[in-house]
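Okay, here's the structure, questions in a sec.
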Amino acid sequence: MKKAKPDRRTERTRQALLSAFVRMLLEEGYDAVSVERVAERANVGRSTFYMHYKSKEDILRQSMTNPSFSLASIVGGDLEASIVLPILEHFKEQRQRNRVFFVWPIRPIWVQRLVELIEPRLVVVSRSHGGRPLIALNLAAVQIAESQLGLVVNWLAVPQPCRTETVAEALIVSTRALVASLLQLKPGAAYQIPGERLRMQKA
């Protein structure tokens, strides 16, 4: 059975709302954003907004999915630093403009979105490689998410940040070390999710 193709008009509306939200967020801050104003800026009605997103927080979480996916993919992914470089370069180039994403009240929401992507990957890694988790996997996912974002935030905060390639390597090494220690796996391996490399190559 063929998967139904997404309706182009629906996708354009979703993207218009998302773009309007992100522009307003960067220009005015999260507290100034409202569903009504996002809908108005996207030139749609409020009811149309709710056809696509549940709330202001829901559209915020959606805006964080792409950068979160890049970071979460390190867990159980046999990735090279080059895979992580584009999102880090974006953070670096836009560090003043995008600062709002790294502070309260948005950062805790970003951590939770990242946790939602990391936790199921931890489940697969643990089952596939004989893990014996020291703590609940949700808590382990929180620890990993906080560690990843903490490294990125502190890297961007220093006056002369180190090379992006170095940070990408550090993200990969530190994430794998955390996964190995929290799941009680032998250190030093990537602990790849079975079959994922093939799927990523085809994407």
Could you measure the distance from the CD1 atom of Ile144 to the CG atom of Leu178? Nearest 0.5 Å is fine.
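Rounded to the nearest 0.5 Å, the CD1-CG separation comes to 5.5 Å.
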Roughly how far, to the nearest 0.5 Å, is the OG atom of Ser70 from the NE2 atom of His90?
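So the gap between those two atoms works out to 10.5 Å.
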Taking the side chain as C-beta and beyond, is there a heavy-atom pair between Ser34 and Arg37 under 4.5 Å?
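Result yes, sub-4.5 Å side-chain heavy-atom pair found.
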Return the NZ to NE2 distance between Lys186 and His129, rounded to the nearest 0.5 Å.
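Spacing of NZ (Lys186) from NE2 (His129) equals 14.0 Å.
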Is any side-chain heavy atom of Val35 closer than 4.5 Å to a side-chain heavy atom of Ser55?
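The answer is no; the side chains never approach within 4.5 Å.
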I'd like to know whether CZ of Arg23 has more than 12 heavy-atom contacts from other residues, nucleotides or ligands below 6.0 angstrom.
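Above 12, so yes.
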Check whether any side-chain heavy atom of Leu88 sits under 4.5 Å from a side-chain heavy atom of Leu171, and report yes or no.
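Touching, per the 4.5 Å side-chain cut-off.
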Beyond-backbone contact of Leu183 with Leu137, side-chain heavy atoms, under 4.5 angstrom
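Touching, per the 4.5 Å side-chain cut-off.
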How many angstroms lie between CZ in Arg99 and CD1 in Ile106, if you round to the nearest 0.5 Å?
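Nearest 0.5 Å value for the CZ-CD1 distance: 11.0 Å.
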When you group the ILVMFWY residues by side-chain heavy-atom contacts below 4.5 Å and let the links chain together, are Leu26 and Met64 in the same group?
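Yes; tracing contacts between hydrophobic side chains, which count when under 4.5 Å, links both residues.
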Evaluate the side-chain proximity of Phe101 to Ser63: yes if any heavy-atom separation is below 4.5 Å, no if none is.
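Sidechains of Phe101 and Ser63: in contact.
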Please determine whether the number of non-hydrogen atoms from other residues, nucleotides or ligands lying under 6.0 Å from atom CG of Asp58 exceeds 12.
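Yes - once you tally the heavy atoms of other residues, nucleotides and ligands closer than 6.0 Å, there are more than 12.
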For Leu182 and Gln143, what are the C-alpha separation, side-chain angles and deciding distance, and is it a side-chain contact (heavy atoms from CB on, under 4.5 Å)?
CA-CA 9 Å; Leu182 293 173; Gln143 179 65 24; 4.2 Å; yes
So do the side chains of Arg121 and Glu196 get within less than 4.5 Å of each other, counting heavy atoms only?
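Sidechains of Glu196 and Arg121: in contact.
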Closest non-hydrogen atom pair between Val75 and Ile193, with its separation:
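Between these two residues, the closest heavy atoms are O-CD1, 4.1 Å.
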Residue pair Val84 / Ser73, side-chain heavy-atom distance below 4.5 Å
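Side chain of Val84 against side chain of Ser73, heavy atoms only: no contact under 4.5 Å found.
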What distance separates Leu25 CG from Asn98 CG, expressed to the nearest 0.5 Å?
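The CG atom of Asn98 is 9.0 Å from CG of Leu25, to the nearest 0.5 Å.
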When clusters are formed by joining ILVMFWY residues with side-chain heavy atoms under 4.5 Å apart, either directly or through shared neighbours, do Ile83 and Leu85 land in the same one?
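Result: no, two separate clusters.
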Would you mind checking if Glu89 and Lys92 are paired as a salt bridge, meaning a charged N to carboxylate O distance below 4.0 Å?
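Glu89 and Lys92: not salt-bridged.
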What residues, two or more places apart in sequence or in another chain, satisfy ring pair (Phe, Tyr, Trp, His ring centres under 6.0 Å) together with Phe91?
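In terms of ring pair (Phe, Tyr, Trp, His ring centres under 6.0 Å), with neighbours along the sequence ignored, Phe91 is linked to Phe102, Trp110.
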Ring pair (Phe, Tyr, Trp, His ring centres under 6.0 Å) contacts touching residues 17-36 (sequence neighbours left out):
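Non-adjacent pairs meeting ring pair (Phe, Tyr, Trp, His ring centres under 6.0 Å): zero.
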Where Leu117 and Phe69 come nearest, the two heavy atoms and their spacing:
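That closest heavy-atom pairing would be CD1-N, 3.7 Å.
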For residues Leu114 and Leu71, report the shortest heavy-atom separation together with the two atoms involved.
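Distance-wise, the nearest heavy atoms are CD1-CB, 4.0 Å.
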Under 3.5 Å, side chain of Trp155 to main-chain N/O of Cys162, donor-acceptor pair present?
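A pair under 3.5 Å: yes.
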Could you walk me through whether Lys56 and Glu36 satisfy the salt bridge (Lys or Arg N to Asp or Glu O under 4.0 Å) test, starting with their C-alpha distance in whole Å, then the side-chain angles of each, then the deciding distance to 0.1 Å, before giving a yes or no?
CA-CA 10 Å; Lys56 182 173 80 168; Glu36 293 81 0; over 6 Å; no
Give a yes or no on whether Ile135 and Val142 share a hydrophobic cluster (residues Ile, Leu, Val, Met, Phe, Trp, Tyr; joining criterion: side-chain heavy atoms under 4.5 Å apart).
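Linked, Ile135 and Val142 end up in one cluster.
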Hphob cluster co-occupancy, Leu139 + Val111, side-chain heavy atoms under 4.5 angstrom
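Same hydrophobic cluster.
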As an exercise, state the distance from OG1 of Thr175 to CD of Gln148, rounded to the nearest 0.5 Å.
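So the OG1 of Thr175 and the CD of Gln148 are separated by 4.0 Å.
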A quick test of your reading: do over 12 heavy atoms of other residues, nucleotides or ligands sit less than 6.0 Å from CD of Gln94?
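More than 12 within 6.0 Å, yes.
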So if you build clusters from Ile, Leu, Val, Met, Phe, Trp, Tyr with side-chain heavy-atom gaps below 4.5 Å, do Tyr50 and Ile59 land together?
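In one cluster: yes.
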Applying side-chain contact (heavy atoms from CB on, under 4.5 Å) to Asn154 and Val158, what does each step give before you reach the verdict?
CA-CA 7 Å; Asn154 287 306; Val158 297; 5.9 Å; no
Any side-chain heavy atom of Gln112 within less than 4.5 Å of one from Arg61?
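Yes, side chains in contact.
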